[in-house]
Structures are given as structure tokens and as C-alpha cells.
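Note that the structure is predicted; figures quoted are calculated from it, not measured. Values below: every heavy atom of this structure, side chains too, minus hydrogens, waters and symmetry copies.
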Amino acid sequence: MAAATAAERTVIENCAIATVDAGDTEYASGHVVIAGNRIESVGAGRAPEGLENVTARIDATGHLVTPGLVNTHHHFYQWITRGLATDHNLFDWLVALYPTWARVDEPMAHAAAQGSLAMMARGGVTTATDHHYIHPRGAGDLSGAIIRAARDMGVRFTLARGSMDRGESDGGLPPDFAVESLDGALAATEATVREHHDASFDAMTQVAVAPCSPFSVSTELMRQGAELARRLGVRLHTHGSETVEEEKFCHELFGMGPTDYFESTGWLGEDVWMAHCVHMNDSDIAAFARTGTGVAHCPSSNARLAAGIARVPDMLAAGVPVGLGVDGTASNESGELHTELRNALLINRLGAHREAALNARKALRLGTYGGAQVLGRAAETGSLEAGKLADLVLWRMDTLAHSSIADPVTALVFGAAAPVTASFVNGRRIVEDGRLLTVDEDAVARSTRDAARRLAQIAAQG
């Protein structure tokens with residue numbers, strides 16, 4: 001039998017490095033060595049001499065290297081409904097857009113996923129999440145279409161297989177033909193997990209159980225969804241405490257606030273993360289900290305929908321795992337996560353903690369290690385450490401936009417969106433000089449434009 005081929009190595013040198021490890025180790029000028037799909041070494045100065053099978057060397061002078069960004073909450077299908085209902089709060093926005101979203105089919109879902117993923121990947125995202133909860137009757141294999149788009153893009157991916165079973169006739173917001181039955185949602189979710197979830201260390205695709213929200217899902221779907229996820233050994237995701245209207249809804253319907261309701265249905269725990277969590281009191285934050293429940297903080301979307309300012313500094317102080325999310329691009333039209341580093345810092349400084357709310361390094365941690373922690377993948381990614389997966393980004397910091405800011409981490413977070421010279425996922429380079437290597441961006445732009453026009457035409461016909 002022939003000997004196994006030695007892992008190919010990529011050597012990156014002469015760069016500033018923010019590892020985002022437990023000690024926030026940084027190097028003013030250091031190196032990273034990638035071997036296969038793992039980080040082999042990170043340190044100060046030049047890479048070790050005599051490395052074998054080096055297939056690429058990158059002189060990263062003028063760059064900052066960080067872990068790849070981790071997006072913890074998104075709705076990819078919304079890429080083809082951007083720019084609509086721009087002056088609405090959450091509930092009015094949902095009412096305005098559900099009739100259009102309910103017409104999404106498999107080709108549209110694939111095109112929208114490509115657009116969403118492409119925008120994030122070219123901006124430094126190496127791990128993405130999509131919470132897809134709309135499954136109109138006869139729409140085709142939407143989960144498969146989304147997963148295929150992520151695989152072709154080369155991005156590490158978690159599909160939060162969403163569901164809704166509370167349509168308009170049951171007091172919910174979505175049209176009845178866009179929701180599933182209780183049994184149908186549970187069966188389809190289980191089938192998606194069994195077909196697509198990979199539990200291995202270097203998994204590129206994972207699946208979470210993700211009923212949409214308290215106001216679009218029955219209590220039984222919440223409860224049985226939690227039981228299903230734990231029986232299958234996968235994570236749980238939903239929206240929580242996003243608006244004051246949601247809190248009022250929970251009190252009127254269930255006789256308790258969102259966090260108490262979630263706990264009553266089995267929805268607090270180390271295997272759970274919630275999107276938004278804007279309206280949390282001290283007791284809610286303590287419950288999340290006690291149970292290890294994570295939060296996907298979506299600052300731009302929260303502002304776009306006038307939902308409020310999440311108490312991120314208080315969550316972090318209590319020990320709640322917090323990551324960042326783009327959220328759907330019908331409520332964050334830019335579709336980028338690297339801008340959320342800056343927005344998280346700025347918006348949280350408008351809250352009670354003012355200038356002490358977040359700093360540049362805390363913001364970077366939210367977008368990298370915090371996100372990996374929320375997705376249950378902190379052992380594999382989220383920081384630059386030997387043995388972890390080679391998911392990392394080279395940000396160019398020597399251009400007009402950043403060159404006069406001495407500290408590169410401050411430049412990345414406080415400054416304009418930095419150019420991405422290279423992005424690696426699982427040791428594979430997927431971005432070069434700001435352009436995707438895995439797909440044709442211009443073709444994706446055309447296909448998403450066509451999908452948006454087709455959806456608008458179908459929705460207009462009723």
C-alpha cells in the first residue's frame with residue numbers, strides 16, 4: 001500500500017495576528033502555518049524553517065489575521081425581498097412580507113442562499129447559519145437547495161431547520177398554506193437531520209432543530225421539537241424576546257414572559273441559542289447564564305426594526321454565550337457580518353453602560369469565538385490555535401481606510417469595512433483579493449435579481 005500523502009502546507013508570515021484565544025494572545029508580526037485543514041502553528045516571527053510540502057507562501061505584510069467570522073443567525077431567503085417594508089416594526093413588517101415569502105420555491109431558495117452566502121463569505125465569514133422556517137406546500141426541497149448552495153460556496157454551515165404550525169386561522173401571522181402541521185414539521189425536521197447532519201470535528205454541514213418563534217409555533221411543536229433535538233443529539237434554535245409586542249403576546253397567551261415560557265417547554269440549555277434577546281430583565285439573563293443558553297446578537301436588524309438595544313454587556317458579565325448575526329437581509333440589507341462588529345460596539349454604547357459597554361477586542365470576540373461557542377463549535381473553530389480547523393481571514397490594513405490607525409484590531413472594528421485579501425475555510429482558500437474563488441459573483445447577482453423579480457411577480461398575482 002502506498003504511503004499516505006503528507007498534508008499540504010500553507011505558510012502565512014509577516015502579519016499582525018489576533019488569535020482570540022482564552023488569553024487574547026496577539027502578535028505584532030507573526031506567522032500561521034496551515035497543514036491540510038488544520039492550523040499547525042501560530043506564533044511570533046517567521047514560520048519554522050524546514051517545513052515540508054509547502055505549496056503556498058503568503059507574505060502578509062500590512063495585514064491582520066483573525067479567526068474567520070461566525071454568523072449565528074440569518075434568513076437566506078430574504079435576500080430576494082430586500083428593500084421592502086422599510087418603515088415598519090417587527091410585527092407590521094412580518095404581516096407585510098409573509099404573503100410574498102410564502103411563495104418562495106426551491107430555485108428561489110437556492111438563488112437567495114447563494115446571494116446571502118456570497119456576500120458574507122467575501123466579507124470574512126467562514127461559518128454561516130441559516131434559520132429557514134418557511135416551507136410552503138409544493139415548494140420543493142428547500143433545505144437541500146440551501147445546503148447545496150453552502151457546499152458549493154465552500155463555507156462551513158449550520159442549517160437551523162425551522163418550522164411554523166400556527167397560521168392565520170390559529171391566530172398566527174403567516175398564511176395557512178405557508179405553515180406545516182405539527183406531525184409534518186417534526187417528521188420533516190427529523191428527516192433533514194438524518195440526511196444532512198454531520199457530527200464530526202471538521203463537519204462542513206450541521207443541522208439544528210429550529211421552530212420559528214412563540215407567536216408562529218404551537219407549544220407542542222416547541223416541546224416536541226426540544227425532545228426531538230435531544231434524541232438526535234443536535235442543537236436547538238429559535239427567536240426569543242425580540243420585541244415588546246412578543247413579550248405582551250407571551251403574557252396574554254401563556255401567562256408568563258418569553259424566558260419562563262421557553263424554560264417550561266425545555267428550551268433553555270447549553271444546546272440552545274436564541275436570536276435577538278432584546279427585551280431581557282435581570283431574571284431572564286440569570287436564567288440564560290445558569291443554563292448556558294446562547295444568544296445571537298443582531299444589532300443592525302434590531303435597529304432596522306426599531307426593536308431596541310439588547311443588554312449584551314450584562315449578558316457577557318453574567319457569562320451568557322453571545323455571538324453575532326446578520327439576520328435576514330429584509331431587515332439588514334447589507335447582508336454583511338464584518339460591519340456588525342462595528343455596529344455591535346456603537347449601538348451598545350448607546351445603552352446604559354455607555355463607553356464601557358464594549359471595546360474593539362470584545363466586539364471581535366463576539367464575531368469569532370463567541371459565535372463558535374453559540375453554535376457548539378468552540379473546540380473546532382473561532383480562535384487561531386494549533387489543532388483547530390483552518391478557518392481564518394487576512395484583512396488588509398495598509399490602505400487609505402486604515403493605514404493611519406496604529407492598532408490593527410481597533411482599525412478593523414472602528415474603521416471602515418476592511419478589504420479581505422484571503423479567506424480560508426477548512427484549509428481551502430475561498431476568497432482572493434475580495435473576490436470569491438468558488439462561485440461567479442456576477443452570475444449570482446444575475447440569478448438573485450431574476451429570482452427577486454419572479455417572486456415579486458408571483459406575489460403580485462396573489
Side-chain angles (χ1 to χ4, degrees), residues 8-18 20 32-34 36-39 55-71 74 76 79 113-130 148-157 202 204-205 324 326 329 334-341 364 367-368 371-372 381-382 384 388-399 401-402 408 411-413 415-445 447-448:
E8 295 183 349
R9 287 186 171 90
T10 296
V11 175
I12 305 167
E13 295 179 303
N14 304 322
C15 48
I17 300 172
V20 200
V32 180
V33 177
I34 298 170
N37 71 341
R38 306 290 178 94
I39 297 171
T55 57
R57 285 187 178 274
I58 300 174
D59 179 357
T61 301
H63 288 76
L64 170 67
V65 177
T66 72
L69 301 183
V70 179
N71 177 45
H74 209 310
F76 289 175
W79 187 263
Q114 281 191 312
S116 296
L117 286 159
M119 199 67 194
M120 285 188 292
R122 69 199 295 272
V125 169
T126 57
T127 298
T129 303
D130 182 33
R148 186 169 71 252
R151 182 194 64 215
D152 293 345
M153 197 75 58
V155 172
R156 204 175 301 282
F157 182 55
D202 55 358
M204 291 296 290
T205 304
L324 292 181
V326 170
T329 48
S334 77
E336 297 178 308
L337 190 69
H338 58 312
T339 55
E340 298 303 286
L341 301 174
L364 178 59
T368 53
T381 189
L384 302 181
K388 282 198 166 187
L389 296 170
D391 297 355
L392 54 94
V393 180
L394 280 69
W395 309 92
R396 188 172 178 189
M397 310 307 295
D398 62 356
T399 68
H402 303 92
L412 178 67
V413 175
V420 174
T421 293
S423 183
F424 291 84
V425 182
N426 216 42
R428 176 192 183 195
R429 188 165 179 169
I430 67 166
V431 175
E432 182 173 8
D433 293 331
R435 297 287 293 184
L436 288 161
L437 299 176
T438 50
V439 298
D440 182 338
E441 293 181 28
D442 296 331
V444 170
S447 68
T448 57

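Not counting sequence neighbours, the partners of T66 by the side-chain hydrogen bond (donor to acceptor under 3.5 Å, both in side chains) test are W395. Applying the side-chain contact (heavy atoms from CB on, under 4.5 Å) criterion to A56, with sequence neighbours excluded, gives T10. Remark: D440 pairs with no residue by the salt bridge (Lys or Arg N to Asp or Glu O under 4.0 Å) rule, at least two apart or across chains. Annotation: side-chain contact (heavy atoms from CB on, under 4.5 Å) contacts of T368 (sequence neighbours excluded): V20, P67, L69, L364. E432 pairs by the salt bridge (Lys or Arg N to Asp or Glu O under 4.0 Å) definition with nothing, not counting sequence neighbours.
Between R57 and E13, the closest side-chain pair of non-hydrogen atoms falls below 4.5 Å. Within the 4.5 Å cutoff, the side chain of V326 has no heavy atoms near those of the V125 side chain. A heavy-atom distance below 4.5 Å is found between the side chains of M120 and F76. T205 is not listed as a side-chain neighbour of R151, based on a closest heavy-atom distance of 4.5 Å or more. For the pair L412/M397, a side-chain contact is recorded, criterion being any heavy-atom separation below 4.5 Å from C-beta on. For the pair I34/R9, no side-chain contact is recorded, criterion being any heavy-atom separation below 4.5 Å from C-beta on.
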Show the numbers, then the answer: is there a side-chain contact (heavy atoms from CB on, under 4.5 Å) between V439 and M153?
CA-CA 6 Å; V439 298; M153 197 75 58; 3.6 Å; yes
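Across V65 and C15, no two heavy atoms sit closer than the pair CG2-SG, 3.6 Å. Residues T438 and D152 approach most closely at CB-O, 3.5 Å, considering heavy atoms. Scanning all heavy atoms of the two residues, the minimum distance from H402 to P419 falls at CE1-CD, 4.2 Å. Minimum interatomic distance between T129 and N71 (heavy atoms only, all atoms of both residues): OG1-O, 2.8 Å. Closest non-hydrogen pair, A417 versus H338, comes out as CB-NE2, 3.4 Å. The two atoms that bring L436 and A121 nearest to each other are CD2-CB, 3.7 Å, heavy atoms only.
Under a 3.5 Å cut-off, the side chain of T329 and the backbone N or O of W79 do form a donor-acceptor pair. Side chain of S116 to backbone of A113: no donor-acceptor contact under 3.5 angstrom is found.
Rounding to the nearest 0.5 Å places CZ of R122 at 6.5 Å from CZ of R435.
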For a quick test of your reading: what N or O donor-acceptor pairs under 3.5 Å do the side chains of residues 423-430 make, sequence neighbours left out?
{"unit_1": "N426", "atom_1": "OD1", "unit_2": "N37", "atom_2": "ND2", "d": "3.3"}
{"unit_1": "N426", "atom_1": "OD1", "unit_2": "R156", "atom_2": "NH2", "d": "3.0"}
{"unit_1": "R429", "atom_1": "NE", "unit_2": "V431", "atom_2": "O", "d": "3.2"}
{"unit_1": "R429", "atom_1": "NH2", "unit_2": "T421", "atom_2": "O", "d": "3.2"}

